[in-house]
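To keep things clear, I will list the structure first and then write my remarks on it.
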Amino acid sequence: MTVLNNEAMRGRRGVLRSCPHALLLAFILHFAQLQRAKAEDRLDFKFYHYREDDDRIRVISPAFLYETEISPTIFLKLDGVYDAISGATPTGAPPVPKSNGQTKTESGHHATTGASGTVTSPAQHTKALSLPFSELTVPTIEVEDERLAGRIELIKKLNRHVLSGQLSYSNERDYDSIGFAVKNSTHFNNKNTTLLAGIAYSHDVIDLVPGPGTDNKDVVDMLVGVTQILGPKTLLSANVAVGYMAGYLDDPYKVVEINRVLVAERRPGHKHKEAVRLSLNHRVVPLDGTLESSYRFYDDSYGITGHTAALAWYQDIGDNVIVRPMVRLHDQSAAKFYAVRFSGSPTEYSSDYRLSALNAISYGAKLIIAPSARLSIDCAYERYALDGKDDVTHEDVYPSADIFSVGARLWL
Amino acid sequence: MAVTSDKLYARMDAVRPDAASGGYYSASFHAMGTACRVIYSANRPAAAEQFRKALLRWLAEFEAQYSRYLEDSLISEINRSAGAGWVDIDEELESMFQLCDWYHWRTDGIFDPSTLPLIKLWDYQAERPVVPDDASIRSAVSLVNWRMVQRERGKVMLPHEGMAIDIGGIGKEYAVDRVMAMAQDRGVRDILIDFGQDLRCYGSPPEGGAWRIGLEHPQDPGKCWTGVSLDDRAVATSGDYHRHFELGGKRYGHILDPRTGYPVNHDGQAVSVIAPTCTEAGILATTAFVLGPFEGLAFLESCHQAEASVWAGKHQTQTGRFSRYVL
């Protein structure tokens with residue numbers, strides 16, 4: 001669910017389109033924790049509310065997870081999430097002068113007729129190119145969608161191994177995704193070292209509204225990692241993930257302007273990506289706290305290189321309360337085929353701001369309370385802000401958001 | 001996969017059921033290079049969804065087949081074959097060509113789908129538009145004449161190299177009418193179709209009564225000078241107050257007179273026409289704009305079932321019964 005939260009911050013479509021696979025990866029990334037699976041049934045409930053400023057995207061996501069012990073060595077996990085998405089999102093069309101370029105509706109009129117003006121004229125175009133950002137507005141569209149996703153997972157402990165298989169399914173109005181994942185972790189060195197390997201595959205079917213029929217996307221992700229206990233208070237882990245996806249990778253809701261005509265965006269038909277993540281957790285006994293730090297390097301064939309660093313501090317307050325402030329910084333370069341406007345005859349093109357060069361910062365705090373040995377509840381707030389780096393993309397396309405969550409965990 | 005995606009200008013953003021109005025849905029999307037919106041009623045969400053998908057699919061295929069901007073469209077194939085041979089066409093294009101025949105005759109040649117050589121010559125899409133020389137204009141005009149286009153049932157030929165056709169002068173309005181027909185076939189009782197401010201409506205809006213359409217003020221774009229109340233009518237506006245360029249102190253609008261090869265040059269600013277179909281409203285509005293305020297108004301008065309408003313300079317005039325639509 002943590003990954004769900006991170007994905008949500010990437011924007012509404014990022015949530016919908018990335019989650020099924022992200023959920024699979026989430027499991028892999030947190031696989032080491034499974035070894036701590038208790039011989040007790042567990043029920044988690046989370047409620048997320050992602051809200052971008054200026055009436056942009058809002059996502060409300062209730063989610064649950066149920067884990068039960070079938071036998072002393074076999075565990076079953078079920079989880080599900082429902083996303084309700086609504087609000088405005090940039091279309092990808094270039095900014096237009098605030099005074100025109102959009103269909104205006106006078107008060108009381110259902111629509112307006114006027115001379116052709118919604119197609120950018122050369123004069124408007126020149127004007128738009130010369131105006132400062134403050135006099136331009138970013139075209140947006142109102143969206144509304146729902147997503148339902150579920151996952152079932154079987155975990156088997158076998159000597160030094162923990163094996164797991166997982167099936168997942170996600171559905172939204174014009175998108176279906178089915179996936180599976182298998183992984184294995186093995187501990188050595190008197191359980192001080194754990195090796196992890198996993199592979200996940202998903203097949204997505206996209207209803208090409210308004211295009212003819214459907215199209216597909218296939219995604220394969222692989223991960224290997226090691227977790228090493230460096231001492232009684234320190235844990236180090238390193239993961240390397242590679243992925244390949246092929247098929248329909250466009251966002252069917254984004255347009256671009258080529259030679260002043262709006263067309264659907266077109267991304268490459270395949271992508272490979274690599275990521276390395278290092279994390280170090282250290283217990284600081286005199287302060288009754290734990291430092292969690294991580295760094296992630298990301299690179300893909302789109303040309304995006306990203307760096308993400310995160311710090312979190314878990315402060316114990318008594319035996320039953322933990323407060324966790326956190327900060328996360330992200331920096332990425334732009335995709336090779338990203339631009340605000342295109343001319344000529346490009347073969348690949350997108351004006352999706354998520355592919356632009358940008359910085360992101362997240363900060364927030366979480367409160368965890370365990371009123372009894374069988375119950376813990378938590379609530380969190382996170383502020384998330386994106387900022388462009390290229391001085392070409394209009395600043396208003398980058399969202400800032402508040403993310404609220406409440407949750408409860410019950411040991412049955 | 002992406003093989004088809006670059007053909008699709010249209011993109012659905014949402015069907016947005018309005019709980020307050022009960023049973024009305026709205027779809028907004030980009031198509032044919034402009035912003036489009038359809039508001040319609042449906043008995044149930046599933047029916048609304050089916051109609052939404054059907055109209056967007058039809059639009060995508062329509063654009064893929066008939067856009068001159070797409071290399072593999074039927075229109076591009078016809079233009080590539082100019083002076084070379086016949087090209088088979090489908091029934092939809094045959095139907096559009098028949099409309100072109102009628103309106104070419106009805107407008108005395110002002111509506112002419114073969115004006116593309118002139119449009120390309122003037123190239124309003126250029127970063128810095130230029131005024132072509134007289135010889136080039138004369139040469140382009142010699143290639144413009146819908147009557148030169150050779151037609152047989154199910155096929156067409158442009159007899160001279162350099163000739164080219166573009167249904168852009170009819171396509172958006174024709175699409176409005178086709179979507180209206182789709183809606184009525186599916187029993188949609190209330191609908192407003194707005195493709196780049198060319199509109200057609202039927203039935204009632206959520207609050208009842210007739211659909212209310214604002215008429216944009218040509219001297220204050222973005223604001224309306226009045227509104228009209230429509231049921232089972234279409235309205236379209238032609239004018240060049242949005243799209244023009246200035247060079248050497250002279251103003252050049254984007255609407256070309258195929259008879260001269262030059263942009264329309266008079267003090268007319270906008271013509272709005274209310275007619276039974278959007279195709280008719282659009283063509284009559286453009287024809288009247290080309291003819292100029294005086295002659296254009298006289299032409300519109302002669303058109304059965306069409307009413308219109310004409311803006312010239314700072315003055316607005318209208319046909320005899322236009323006021324019956326005014327709110």
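In what follows, chains carry the letters A, B, and so on, assigned in the order in which the sequence lines appear, proteins first and then strands, with residues in each chain numbered from 1. Only this structure's heavy atoms are used, side chains among them; waters, hydrogens and symmetry mates stay out.
Residue A/K271 qualifies as enclosed at atom NZ: its count of foreign heavy atoms under 6.0 Å is above 12. Shown here is B/D220, whose CG atom has more than 12 heavy atoms of other residues, nucleotides or ligands within 6.0 Å. Counting non-hydrogen atoms of other residues, nucleotides and ligands closer than 6.0 Å to OH of B/Y202 gives a total of 12 or fewer.
Residue B/S309: no heavy atom, backbone or side chain, is found under 4.5 Å from chain A. Heavy-atom distances place the backbone of B/A236, and not its side chain, under 4.5 Å from chain A. Neither the backbone nor the side chain of A/S343 comes within contact range of chain B, judged by heavy atoms closer than 4.5 Å. Residue B/A210 touches chain A through its backbone alone, counting heavy-atom pairs closer than 4.5 Å. With a 4.5 Å cut-off on non-hydrogen atoms, B/I213 touches chain A through its backbone and its side chain both. Contacts between B/L192 and chain A at a heavy-atom distance below 4.5 Å involve the side chain alone, from C-beta outward.
Put simply, CZ on B/R52 and CZ on A/R173 are 5.5 Å apart, with the number rounded to the nearest 0.5 Å.
Residues passing the salt bridge (charged side-chain N to carboxylate O under 4.0 Å, His left out) test with A/D54, sequence neighbours excluded: none. Evaluation of the salt bridge (charged side-chain N to carboxylate O under 4.0 Å, His left out) rule for B/E307 yields B/R321 as partners, not counting sequence neighbours.
No hydrogens or angles considered: a donor-acceptor pair under 3.5 Å links the side chains of B/T237 and A/T113.
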